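Working notes for the structure below.
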Amino acid sequence: MDRQNSSKNSTPFVHHTAKAALITTVALALLLPGGLAAADSMSASAVAVPSVMDAGGQAAVAPDPSKAKITEDQAVAKARELFPVLKDATLSGVRLGGDNSWPPSGNQMIWDISWSYEVGSTSYGFSSRIDALTGDLVNTYISYPFLQQDSYYPPKLTRAEALEQARKFIAKAAPSLGSGDIQLTDNEAMNIAGGSLFGSIQYNFYFKLLKNGLPSASDVLSITVDSNGNVLQYNKPSPGLVYPSAKPAVSLESVQKKFTDSFAVGLYYIPVYKDGVVERWGLGWRPQEQTLYSVDAQTGKYIDNEGREASALPVKDEAVPETKERFQAASTGKEITAAEAAKFVQQIVAIPAERKPDNQSLGTGYPNTKQKVWRLAWRDNSNTRMASFPASSYAEVDAATGQIYQYQLEQFAGSKDVKPQPAPAGGKKLTQDQAKQQAILLVNRLYDQASSVLKLAEHGGTWSVLPDGKGFRFQFVRYYNGIPVSDAGVTLAMDIYGRLESYSAVSPDLSAVKEQPTPAVSQSEAVQSYKDRYAMKLQYNLLGGLYNNYMYVEPQIKLVYSPLPVNEQDQNEVLDAATGKWVKVYAYSGQNAGTAAAVDLKGHPAEQALTELVKYGVLVPDADGKVNPDQEITVGDWFTFIATASTSNYQGYTNGSEQKTVAGVNPDSEYYKAVSFAANHEWISKDTVLQPGNKLSREQLAVLLASFLQYSKISAFLENDTAVSSFSDSDSIKNKGAVALAVKLGLMQGDNGKFNPQQNVTKADVATVMMKLVKLQGKVDQNIGQQQRM
């Protein structure tokens with residue numbers, strides 16, 4: 001399990017915690033808490049179908065084919081009609097039932113069509129899904145090898161033209177939707193670029209689905225169109241839930257006043273992320289969680305993301321008393337073994353006896369990627385549950401200290417087959433107050449210096465009691481210098497006897513946090529700044545439908561007033577308390593809303609090339625809007641530029657495994673991800689020893705170009721070519737073949753009869769070379785920059 005990918009999906013967030021950004025076909029999980037866009041809800045479609053779900057969120061009965069209005073043959077024919085490339089694919093299977101979501105959705109009337117495609121001895125599989133009641137396309141992703149198409153520049157379609165193609169496709173793919181039933185989402189955080197300068201340009205579009213004329217915050221149709229007009233990916237949510245009337249009982253004016261009067265902000269240490277990694281920390285004002293809850297349009301009451309009425313009392317952070325038993329770190333002074341990590345877990349919890357150690361791996365932590373973490377699973381392989389998932393317990397343990405970051409008694413939570421643990425001998429059911437004391441005991445044993453750095457988030461009422469009296473849940477907030485830290489803290493759930501069943505500790509690296517600055521913006525000023533950015537809007541929200549804090553919350557659609565940003569682009573920004581400026585807290589390479597135009601390129605000889613690299617996010621202007629085109633670049637800068645031009649969001653690629661030195665570059669280097677990406681794409685050998693901080697010379701650039709193009713062997717035949725021997729300084733060129741290749745391909749040229757091999761390369765130089773390289777696409781025998789080691 002990759003924590004960087006999985007924890008954002010499955011781990012409950014703590015109170016006072018900014019939600020981690022997650023690009024999905026549903027929505028971006030927004031930075032701010034509460035009901036801003038119901039970001040942590042599942043999506044729901046406008047089509048109502050009979051529910052086949054039991055109380056545990058599982059498919060209770062198999063769908064009845066006789067009730068399908070679209071036959072199997074019609075579904076297959078529609079998929080082939082929508083995606084002409086499927087004419088070369090083999091139909092390998094069709095079944096009725098489900099949309100492969102977990103928990104299973106209420107709409108099991110889905111034709112799941114499996115396709116296969118063979119290239120030589122290799123077979124590739126993918127699927128299409130068609131709604132058996134409406135005929136709507138639910139999902140298709142056209143994958144390799146169909147994406148192996150000619151690359152070229154400039155793209156044949158502009159983004160506006162691709163949008164028109166997307167709208168035409170949706171009209172054919174989803175006949176149940178009228179032209180007024182979709183609304184384009186103009187949010188740069190949701191528009192991560194699907195393509196880059198190298199390879200096929202792809203455009204991603206997201207549409208909110210409207211029901212009864214109102215948007216549904218959690219219903220988002222996504223579609224990807226390439227620059228040829230081909231649809232590569234399409235996803236339309238279809239869980240089959242029923243929408244209530246769009247007529248509110250409470251007026252917008254009264255709700256807006258309630259929101260304005262109760263709006264509150266708090267001061268937090270806030271991490272600023274770039275491509276999912278903390279880039280820096282800042283002190284900022286941020287809305288309190290309850291401030292951004294939605295208001296039920298029928299009752300006028302605030303409701304939380306589970307659909308429950310929110311307490312009228314503000315959440316209070318209480319001190320955590322120190323207990324006799326406290327966490328004791330490993331004292332060996334060296335990395336602990338998997339067995340030792342397992343022992344730390346089993347000192348706190350009792351793993352079911354039938355589950356044995358399985359699938360132990362060492363990798364990097366998240367969000368603190370400097371940590372090494374043991375990922376441990378205990379599995380019962382004697383039977384299978386939950387669509388072939390074995391009953392499993394799971395934990396993540398710091399390999400240096402033994403501190404537990406994650407524990408799930410049931411790794412795949414929610415199966416109706418999972419039986420509760422038998423009552424312990426002599427065990428007594430806890431009261432709410434006793435459970436609170438047990439939570440304090442547990443967190444002291446699990447979290448280093450818990451009493452000094454954590455506070456208990458006391459919600460009041462029965463918030464901590466799980467439904468049906470099944471147990472209890474508690475949240476602890478991480479503090480630093482007396483100030484709460486966003487994206488940090490603990491959530492835990494226990495059964496009625498106080499046994500730990502779910503635990504998540506988010507423990508970021510705070511070593512980079514600077515001394516506490518004096519806020520230049522007062523709390524009242526921050527409140528006013530935020531108020532001007534929000535307006536209450538009537539919409540549908542999907543609440544529940546997720547496993548959270550070891551409990552399943554039944555999904556339901558409600559008509560609500562939600563506090564939404566007036567400008568969608570503002571929704572993941574916070575107010576910097578030191579500068580008074582708005583700071584984008586989640587940034588991803590390739591966001592389409594784009595970088596502001598650079599102020600220092602006008603009139604530069606390389607203005608056009610530089611502007612294009614800024615447009616595609618390869619070059620990013622600084623805080624003053626400058627690119628500094630004549631600044632010399634380093635070897636590491638080259639790999640950063642070329643990786644970004646090939647895959648704009650390359651920094652987000654991770655498999656959670658332990659990071660090791662690549663090409664002489666260690667994981668602590670700012671260039672590590674770019675160099676590692678280059679090695680994985682065979683642009684360089686992993687055995688190469690780079691000096692990424694050194695300035696890049698023209699001769700080095702020629703060598704790297706030959707390697708990037710996979711022409712290193714061909715360049716060896718050009719050692720004596722006139723393209724290099726004609727330069728008056730050819731004797732000072734060591735890698736003559738690479739220089740000859742770069743010149744013959746028109747990527748580089750001489751100056752007054754000289755090549756100047758030792759001259760350093762500037763940003764303007766590299767922009768000129770890269771744009772020539774981009775335009776070379778389609779004129780050579782392979783897709784430039786797209787080869788990846790399998």
Side-chain angles (χ1 to χ4, degrees), residues 153 197-198 601 603-610 612-613 618-619 627-643 645-646 663-664 675 678 682-685 688-782 784-785:
Y153 182 88
L197 278 167
F198 296 109
L601 302 185
H604 194 282
E607 178 183 353
Q608 185 174 355
L610 287 160
E612 200 69 358
L613 261 59
V618 178
L619 293 176
V627 167
N628 301 308
D630 297 319
Q631 182 181 60
E632 294 177 348
I633 71 167
T634 65
V635 172
D637 289 335
W638 159 257
F639 284 108
T640 300
F641 296 155
I642 205 69
S646 298
V675 170
E682 299 183 329
W683 302 339
I684 55 170
S685 167
T688 300
V689 179
L690 296 174
Q691 299 293 330
N694 289 355
K695 293 293 178 65
L696 178 68
S697 71
R698 282 172 53 81
E699 182 175 347
Q700 285 176 303
L701 176 58
V703 172
L704 292 173
L705 285 169
S707 179
F708 177 72
L709 288 166
Q710 310 288 308
Y711 283 164
S712 296
K713 291 183 179 180
I714 294 176
S715 67
F717 291 96
L718 300 175
E719 284 290 320
N720 300 313
D721 195 273
T722 55
V724 67
S725 61
S726 61
F727 289 123
S728 62
D729 56 356
S730 63
D731 288 344
S732 62
I733 300 174
K734 295 179 181 179
N735 297 282
K736 292 181 171 59
V739 170
L741 177 71
V743 173
K744 292 177 80 69
L745 289 175
L747 301 175
M748 300 180 74
Q749 61 187 28
D751 183 23
N752 293 321
K754 292 185 176 182
F755 184 75
N756 301 311
Q758 301 309 312
Q759 180 178 312
N760 291 334
V761 176
T762 66
K763 289 182 180 178
D765 295 333
V766 81
T768 301
V769 169
M770 285 183 68
M771 289 312 301
K772 288 180 178 179
L773 191 60
V774 166
K775 293 172 183 177
L776 195 63
Q777 293 182 104
K779 300 183 177 109
V780 292
D781 294 328
Q782 71 278 332
I784 295 177

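Keep in mind it's a predicted model, so treat the numbers as computed, not measured. The chain is numbered in sequence order, starting from 1.
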Working to the nearest 0.5 Å, report the span between CE of M770 and CZ of F198.
5.0 Å

Mind checking the CG-CG spacing from L704 to L690? Nearest 0.5 Å is all I need.
7.5 Å

Compare every heavy atom of V627 with every heavy atom of K763, then report the nearest pair and how far apart it is.
NZ-O, 2.9 Å

Applying salt bridge (charged side-chain N to carboxylate O under 4.0 Å, His left out), name anything that partners K775, two or more places apart in sequence or on another chain.
none

What's the verdict on side chain to side chain contact (heavy atoms under 4.5 Å, CB included) for W638 and V761, showing C-alpha distance, side-chain angles and the deciding distance?
CA-CA 10 Å; W638 159 257; V761 176; over 6 Å; no

Does the Q710 side chain pair with the main chain of E682, one donor and one acceptor, at a distance under 3.5 Å?
yes

Show which side-chain atoms of residues 734-755 pair as donor or acceptor with protein atoms under 3.5 Å away, not counting sequence neighbours.
unit_1 : atom_1 : unit_2 : atom_2 : d
N735   : ND2    : E699   : OE2    : 3.0
K736   : NZ     : S730   : O      : 3.2
K736   : NZ     : I733   : O      : 2.7

Is there a side-chain contact between N756 and F727, using heavy atoms and a 4.5 Å cut-off?
no

Hey, are the side chains of Q777 and L197 touching, using non-hydrogen atoms and a 4.5 Å cut-off?
no

What residues, two or more places apart in sequence or in another chain, satisfy side chain to side chain donor-acceptor pair (under 3.5 Å) together with N628?
none

Can you see which heavy atom on V675 is nearest to which on A663, and at what distance?
CG1-CB, 4.0 Å

List the residues meeting side chain to side chain donor-acceptor pair (under 3.5 Å) with K772, not counting sequence neighbours, and say none if there are none.
none

Derivation of the side-chain hydrogen bond (donor to acceptor under 3.5 Å, both in side chains) call for T640 and D637
CA-CA 5 Å; T640 300; D637 289 335; 5.2 Å; no

So which atom in A723 and which in S726 form the shortest heavy-atom distance, rounded to 0.1 Å?
O-OG, 3.9 Å

Assess whether atom CG of D729 is packed by more than 12 heavy atoms of other residues, nucleotides or ligands within 6.0 Å.
yes

About how many Å separate CD1 of I633 and CG of L696, when rounded to the nearest 0.5 Å?
5.0 Å

Does E719 have any salt bridge (charged side-chain N to carboxylate O under 4.0 Å, His left out) partners at least two apart in sequence or in another chain, and if so, which?
none

dist L619:CG -> E612:CD (nearest 0.5 Å) comes out at 11.5 Å

One should read off an interatomic distance between L610 CG and M771 CE, to the nearest 0.5 angstrom, of 10.5 Å

Nearest 0.5 Å please: distance from the CG atom of L705 over to the CG atom of L773.
6.0 Å

Residues at least two apart in sequence or cross-chain that pass side chain to side chain contact (heavy atoms under 4.5 Å, CB included) with T762, listed by chain then number, are E632, A764, D765

